[in-house]
Amino acid sequence: WINQTTNQRGKKMTTLYIYETESNTLVARINGTDNSACEEVANFHFGDTDSYGRTYSPAFGASDGIIPGESVVDIDAD
């Protein structure tokens, strides 16, 4: 449920969360029709996997979970 949102037309969307690996701070949310669309955009914008991590289930507030960022970018993959 956490990675399935609905767009304005009622279509199910997938959300890929991008975070800085050093701080676990969220930097972007990529929304798309499926994982493949989200991953393609993530590779283009955040290809450096040493600096950025990816998850479909961010576990906000959990121990070692993703920390909400102050300037999170929302990107549409479609």
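Here the structure is a predicted model, which is why all the values come from computation and not from measurement.
Applying the salt bridge (Lys or Arg N to Asp or Glu O under 4.0 Å) rule to E20 yields no partners; only residues at least two apart in sequence or on another chain are considered. Residues satisfying the side chain to side chain donor-acceptor pair (under 3.5 Å) criterion with T49, sequence neighbours excluded, are absent altogether. Residues satisfying the side chain to side chain contact (heavy atoms under 4.5 Å, CB included) test with A77, not counting sequence neighbours, are I30, A37, V41. Scored by the side chain to side chain contact (heavy atoms under 4.5 Å, CB included) test, E39 finds L16, R54, Y56 as partners (sequence neighbours excluded). Considering only residues two or more places apart in sequence or on other chains, T55 meets the side chain to side chain contact (heavy atoms under 4.5 Å, CB included) condition with Y17, Y19, S57, P58, I66. When the salt bridge (Lys or Arg N to Asp or Glu O under 4.0 Å) test is applied to D74, the partners found at least two apart in sequence or on another chain are R29.
Linking ILVMFWY residues whenever their side-chain heavy atoms come closer than 4.5 Å, directly or via other members, places V73 and I18 in the same cluster.
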Practice problem: Would you sort out whether T14 and D34 count as a side-chain hydrogen bond (donor to acceptor under 3.5 Å, both in side chains), showing the intermediate values? | Solution: CA-CA 6 Å; T14 298; D34 56 30; over 6 Å; no
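To the nearest 0.5 Å, atom OG1 of residue T25 and atom CD1 of residue I67 are 4.5 Å apart. Atom CD1 of residue I75 and atom CZ of residue F46 lie 4.5 Å apart, to the nearest 0.5 angstrom.
Closest non-hydrogen pair, T21 versus D50, comes out as OG1-O, 2.8 Å.
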